[in-house]
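As structure tokens, the structure follows; a few thoughts come after it.
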Amino acid sequence: MIIRDIQVGEISLPLARPFKTALRTVEHVDDIVVRVVADTGEVGYGEAPPTAVITGDTKGSVACAIREFIRPNLIGMDVEDLDGIMKRLHSCILKNTSAKAAVDMAIYDLWAKRWGAPLYKLLGGARTSFRTDITISVNPIDEMVADALDAVSRGYDILKIKVGKDGTGDVERIAAIREAVGPDVQLRVDANQGWTPKQSVAIISAMEDRNLNIELVEQPVKAHDIAGMQFVTSRVYTPILADESVFSPADAIDIIQKGAADLINIKLMKTGGIHQALKICDVAELYGVECMIGCMLESKLSVSAAAHLCCGRSVITKADLDGPSLCSVDPFTGGPVFEEALVTMSEAPGVGLSAIPCEHWS
Ligand SMILES: C[C@H](N)C(=O)N[C@@H](CCC(=O)O)C(=O)O
Ligand SMILES: [Mg+2]
């Protein structure tokens with residue numbers, strides 16, 4: 001199965017509600033999509049969201065990296081030579097992890113189709129379904145409580161609550177949500193780098209003193225502030241999860257060896273795809289650290305690739321794959337089934353999606 005072409009397109013899907021974090025507000029999934037065409041006529045699909053504030057990638061940079069660097073390096077390669085393809089993909093241009101992720105997942109889609117199996121089975125086959133959380137955007141308290149209750153009424157039993165925009169109100173936000181949803185709903189908190197190290201310790205300790213029973217706190221401080229992450233992790237009981245601080249397997253080793261976090265959030269858009277994400281899984285497993293699989297504002301296309309990784313590897317014990325549920329429409333056919341909190345794999349070969357809503361590929 002020889003790679004004949006790598007084509008780029010765009011998709012735009014409205015979100016059901018504006019998505020608000022300490023870093024940004026977004027109303028649409030506006031992503032680059034990729035299709036890798038093989039000489040057999042088989043096609044593999046991928047997607048890259050331009051999350052400039054986290055990965056540094058824009059739509060223009062993703063399209064340019066694929067067209068001018070990745071495409072000329074991969075055309076003519078045999079999909080069976082997965083290792084060789086991944087070496088070229090990751091050496092033909094530095095960084096540009098979202099562009100690499102889109103192409104990587106399209107290649108894995110083709111590779112699994114080549115072997116006639118659903119991708120998750122080839123990645124390890126640890127499970128066939130899992131539950132994801134859903135994000136509650138940072139807003140005035142009443143709105144967040146209403147959103148949390150709405151999510152629970154739709155069957156979600158894990159909520160990921162965005163905070164970090166104004167540290168002063170965050171304990172009250174979480175307390176109000178806990179009071180509204182009761183003790184049986186799992187609450188995880190994501191500050192998206194919005195607190196200082198000392199503020200983090202104060203806020204997390206206050207949540208502990210009030211018995212708010214928080215499962216974990218994600219990325220309390222700036223991504224580059226590993227000493228700050230370590231400061232927080234060593235002073236609170238609540239597990240700390242590194243998100244923006246970990247892009248590569250080397251970042252994961254550094255964070256784990258320094259005791260700067262208890263858990264790692266793997267996102268394909270940070271690692272540059274499944275190939276590097278698997279290395280983080282291996283590192284984490286060696287050190288006995290559990291992982292979350294997360295997503296950016298992505299459609300079902302790329303989130304499905306992440307779902308396959310989630311079902312492949314048992315070290316991934318938590319999922320934040322709510323991208324498809326945050327969109328107001330689902331124009332895709334095939335692939336894993338996203339029924340609110342429950343995600344169930346399909347047995348179709350590859351990632352499983354068969355129709356992509358993009359009319360212009362070039
Ligand atoms: C969408 C997901 N639940 C999420 O919160 N992802 C990121 C932020 C993504 C973005 O800004 O596009 C996270 O910080 O975990
Ligand atoms: Mg996060």
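Counting convention: from 1, in listed order, for ligands and their atoms alike.
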_N, O or S of Asp320 under 2.8 Å from the Mg ion (ligand 2)_ =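 Not a single backbone or side-chain N, O or S atom of Asp320 is under 2.8 Å from the Mg ion (ligand 2).
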*Is the distance between the Mg ion (ligand 2) and the nearest N/O/S atom of Asp190 smaller than 2.8 Å?*
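Short answer: yes, at least one N, O or S atom is under the cut-off.
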*With the Mg ion (ligand 2) at the apex, how many degrees lie between OE2 of Glu218 and OD2 of Asp243, rounded to 10 degrees?*
90°
In terms of atom number and element, which parts of ligand 1 are under 4.0 angstrom from non-hydrogen atoms of [X]?
X: Asp320; value: 2 (C), 3 (N), 4 (C), 5 (O), 15 (O)
X: Leu297; value: 12 (O)
X: Asp322; value: 1 (C), 2 (C), 3 (N)
X: Asp190; value: 13 (C), 14 (O), 15 (O)
X: Met296; value: 1 (C), 9 (C), 12 (O)
X: Asn192; value: 13 (C), 14 (O)

*Looking at Phe19, is Arg17 sitting on its ring face, NZ or CZ under 6.0 Å from the six-membered ring centre and within 45 degrees of the normal?*
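Ring-cation test returns no.
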*Would Lys267 count as a contact of ligand 1 if the rule is a heavy atom under 4.0 Å away?*
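Contact present.
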*Quick one: does Asp243 get within less than 4.0 Å of ligand 1, heavy atoms only?*
yes
*Under a single-linkage definition using a 4.5 Å side-chain heavy-atom cutoff for Ile, Leu, Val, Met, Phe, Trp and Tyr, are Leu159 and Met292 assigned to the same hydrophobic cluster?*
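Different clusters.
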*Indicate, with yes or no, if Val138 and Tyr156 share a hydrophobic cluster defined by side-chain heavy-atom contacts under 4.5 Å among Ile, Leu, Val, Met, Phe, Trp and Tyr.*
no
Contact check: [X] vs ligand 1, nitrogen or oxygen atoms, below 3.5 angstrom:
X: Cys295; answer: yes
X: Arg24; answer: yes
X: Lys162; answer: yes
X: Glu218; answer: yes

*Would a distance-only check, ignoring hydrogens and angles, find a side-chain to backbone donor-acceptor pair under 3.5 Å from Ser302 to Glu298?*
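Checking the backbone N and O of Glu298 against the side chain of Ser302, no donor-acceptor pair under 3.5 Å is found.
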*Pair Asp133 + Lys318, salt bridge at N-O below 4.0 Å*: no
*Please work out whether any backbone atom (N, CA, C, O) or any side-chain heavy atom from C-beta onward of Val26 is under 4.0 Å from ligand 1, and answer side chain, backbone, both or neither.*
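Within the 4.0 Å criterion, Val26 makes no contact with ligand 1.
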*If you have a sec, work out which protein heavy atom is nearest atom 15 (O) of ligand 1 and how many Å separate them, to one decimal?*
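Heavy-atom neighbour on the protein nearest atom 15 (O) of ligand 1: Lys160 NZ, 2.9 Å.
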